[in-house]
J.: 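This is the structure, below, for whatever I ask next.
Please read these numbers as outputs of a predicted model, since none were measured by experiment. Positions are given from 1, in the same order as the sequence printed here. We count ligands from 1, going down the list as the structure has it; atoms in each ligand are counted the same way.
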Amino acid sequence: EELSLESVKGKVYTLDSVREALIRQEDTIVFGLIERAKFLMNSRTYGGEEIPGFAGSLAEFVVKNTEAVQAKVGRYNNPEENPFFPENLPPSLVPSYSFTQFLHPKAASININKSIWKIYFEELLPSFVASGDDGNYAQTAASDLSLLQAISRRIHYGKFVAEVKFRESAQQYESLIRSEDKEGLMKLLTFESVEETVRKRVEKKAMVFGQNVTLKNGDEKNVTYKVDPSVAANLYKNWIIPLTKDVQVEYLLHRLD
Ligand SMILES: O=C(O)C(=O)C[C@]1(C(=O)O)C=C[C@@H](O)C=C1
């Protein structure tokens with residue numbers, strides 16, 4: 001019998017368990033897309049300085065302040081969580097839970113939220129949100145925040161995936177890490193067939209969770225969706241999976257520090 005990766009009590013990370021976690025996070029992301037798509041683009045949420053005395057957008061104001069509140073109640077004590085604005089976050093005020101420390105300390109702090117932020121507003125939103133203004137800026141920012149958090153958590157979960165893979169094939173990874181062979185690392189950590197399954201499942205989830213439900217007979221043939229299922233699948237294909245892989249490579253490059 002093989003020993004479990006973590007013999008201490010607490011959360012156990014294995015390739016199966018991290019993949020299970022990624023699958024569950026798909027639900028959160030698909031629901032997040034559906035919730036954000038309820039509102040129009042509402043560009044005033046993202047531009048100009050709408051808040052007196054605050055140098056940033058309304059969305060930035062909501063995210064910064066919400067992260068500060070959540071930091072005070074311990075959100076970022078969990079190594080699976082990564083803030084968008086880590087600068088000047090207040091300390092937690094609550095007793096901390098002892099989360100399983102699974103990551104390599106020198107690689108654990110990777111945070112690519114600055115890129116995620118930019119991609120989200122510049123590329124993702126326009127791909128699934130209808131243009132226009134319905135005035136719901138606060139609700140829009142709140143739904144952006146929960147979707148951003150879900151996407152960020154998923155992408156940074158790459159650290160856990162990478163650590164599992166490293167422990168399973170330490171020798172193979174070590175030589176690639178020592179020669180800083182990014183391409184070789186990318187190749188070793190890639191499973192094309194898993195990626196294809198992820199994309200297909202996400203498309204199906206967008207169909208199942210996002211279909212407009214009616215009780216009228218005959219409507220089964222005219223099903224419509226709240227978010228175009230192919231948009232959800234492409235979001236994974238073009239951004240979420242590639243960024244999760246970038247996090248894995250970045251993590252591995254620091255794995256022997
Ligand atoms: O499941 C894995 O092994 C992962 O690394 C996750 C993931 C993904 O982002 O979904 C990324 C790279 C692999 O090629 C397959 C899937």
Side-chain angles (χ1 to χ4, degrees), residues 2 4-6 11-33 79-82 100 102-104 107-108 110-113 115-120 123-124 127-128 147-177 181-209 227 229-256:
E2 205 179 302
S4 70
L5 295 173
E6 288 291 279
K11 191 160 180 173
V12 176
Y13 294 97
T14 64
L15 195 51
D16 282 345
S17 79
V18 294
R19 284 183 174 155
E20 273 304 313
L22 294 181
I23 291 172
R24 179 59 183 86
Q25 290 174 46
E26 290 164 2
D27 303 6
T28 313
I29 291 173
V30 171
F31 286 123
L33 293 170
E80 296 179 4
E81 297 286 346
N82 300 270
T100 301
F102 179 67
L103 300 177
H104 181 66
I110 289 163
N111 183 329
I112 65 158
N113 274 335
S115 328
I116 295 175
W117 181 273
K118 199 167 179 306
I119 291 165
Y120 179 83
E123 318 268 349
L124 303 188
S127 77
F128 75 98
L147 181 51
L148 276 165
Q149 285 178 328
I151 290 174
S152 167
R153 185 184 172 92
R154 199 290 178 187
I155 290 170
H156 288 98
Y157 221 80
K159 294 185 230 177
F160 295 85
V161 183
E163 179 64 24
V164 166
K165 290 180 181 171
F166 177 85
R167 293 193 195 191
E168 281 188 356
S169 325
Q171 276 183 346
Q172 260 180 302
Y173 278 105
E174 273 178 32
S175 66
L176 293 169
I177 295 166
D181 182 351
K182 288 193 188 192
E183 259 175 54
L185 286 168
M186 191 59 100
K187 210 167 161 209
L188 187 56
L189 64 80
T190 294
F191 295 82
E192 294 284 1
S193 69
V194 176
E195 292 184 25
E196 197 188 330
T197 306
V198 171
R199 291 195 298 267
K200 286 188 175 154
R201 191 177 44 240
V202 166
E203 184 164 21
K204 186 166 180 184
K205 284 180 177 181
M207 289 180 170
V208 173
F209 303 158
V227 169
S230 70
V231 165
N234 282 332
L235 164 71
Y236 262 77
K237 177 173 184 262
N238 298 329
W239 302 111
I240 296 189
I241 295 175
L243 289 169
T244 306
K245 292 165 76 169
D246 288 346
V247 166
Q248 293 186 57
V249 171
E250 200 52 37
Y251 178 90
L252 289 163
L253 289 174
H254 293 285
R255 183 56 183 77
L256 302 175

J.: For ligand 1, which atoms, with element, lie under 4.0 Å from some heavy atom of Lys245?
T.: 11 (C), 12 (C)
J.: For ligand 1 and Lys165, I'd like to know whether there is a polar contact (N/O to N/O, distance under 3.5 Å).
T.: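 Such a contact does occur with ligand 1.
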J.: Is Arg19 close enough and on-axis enough to Phe191, meaning under 6.0 Å and within 45°, for cation-pi?
T.: yes
J.: What pairs with Tyr173 under side chain to side chain contact (heavy atoms under 4.5 Å, CB included), at least two apart in sequence or on another chain?
T.: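 Only Lys165, Phe166, Ser169, Ile177, Leu185, Leu188, Leu189, Leu252 meet the side chain to side chain contact (heavy atoms under 4.5 Å, CB included) criterion with Tyr173.
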J.: Pull out every atom of ligand 1 sitting under 4.0 Å from any heavy atom of Val161, numbered as shown with elements.
T.: 4 (C), 5 (O)
J.: Before signing off on this row, confirm whether Leu22 and ligand 1 have an N or O atom pair separated by under 3.5 Å.
T.: no
J.: So, applying side chain to side chain contact (heavy atoms under 4.5 Å, CB included) with Glu195, which one of Lys237, Lys245, Lys200 is it?
T.: Lys245
J.: Leu243 versus Val247: any side-chain heavy-atom pair under 4.5 Å?
T.: no
J.: Could you check atom 10 (O) of ligand 1 against the protein and tell me its nearest heavy-atom contact, residue, atom and distance included?
T.: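 It is Arg154 NH2, 2.9 Å.
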J.: Distance to 0.1 Å, residue and atom name: give those for the protein heavy atom nearest to atom 1 (O) of ligand 1.
T.: Arg19 NE, 2.7 Å
J.: If you measure from CD1 on Ile116 to NE2 on His156, what distance do you get to the nearest 0.5 Å?
T.: 4.5 Å
J.: Report the part of Glu196 in contact with ligand 1, treating N, CA, C, O as backbone and CB onward as side chain, heavy atoms under 4.0 Å; options are side chain, backbone, both, neither.
T.: neither
J.: Ligand 1 and Glu195, any nitrogen or oxygen pair closer than 3.5 angstrom?
T.: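 Yes.
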J.: Who passes salt bridge (Lys or Arg N to Asp or Glu O under 4.0 Å) against Arg153, sequence neighbours left out?
T.: Glu80, Glu81
J.: Is there a protein heavy atom less than 4.0 Å away from atom 7 (C) of ligand 1?
T.: no
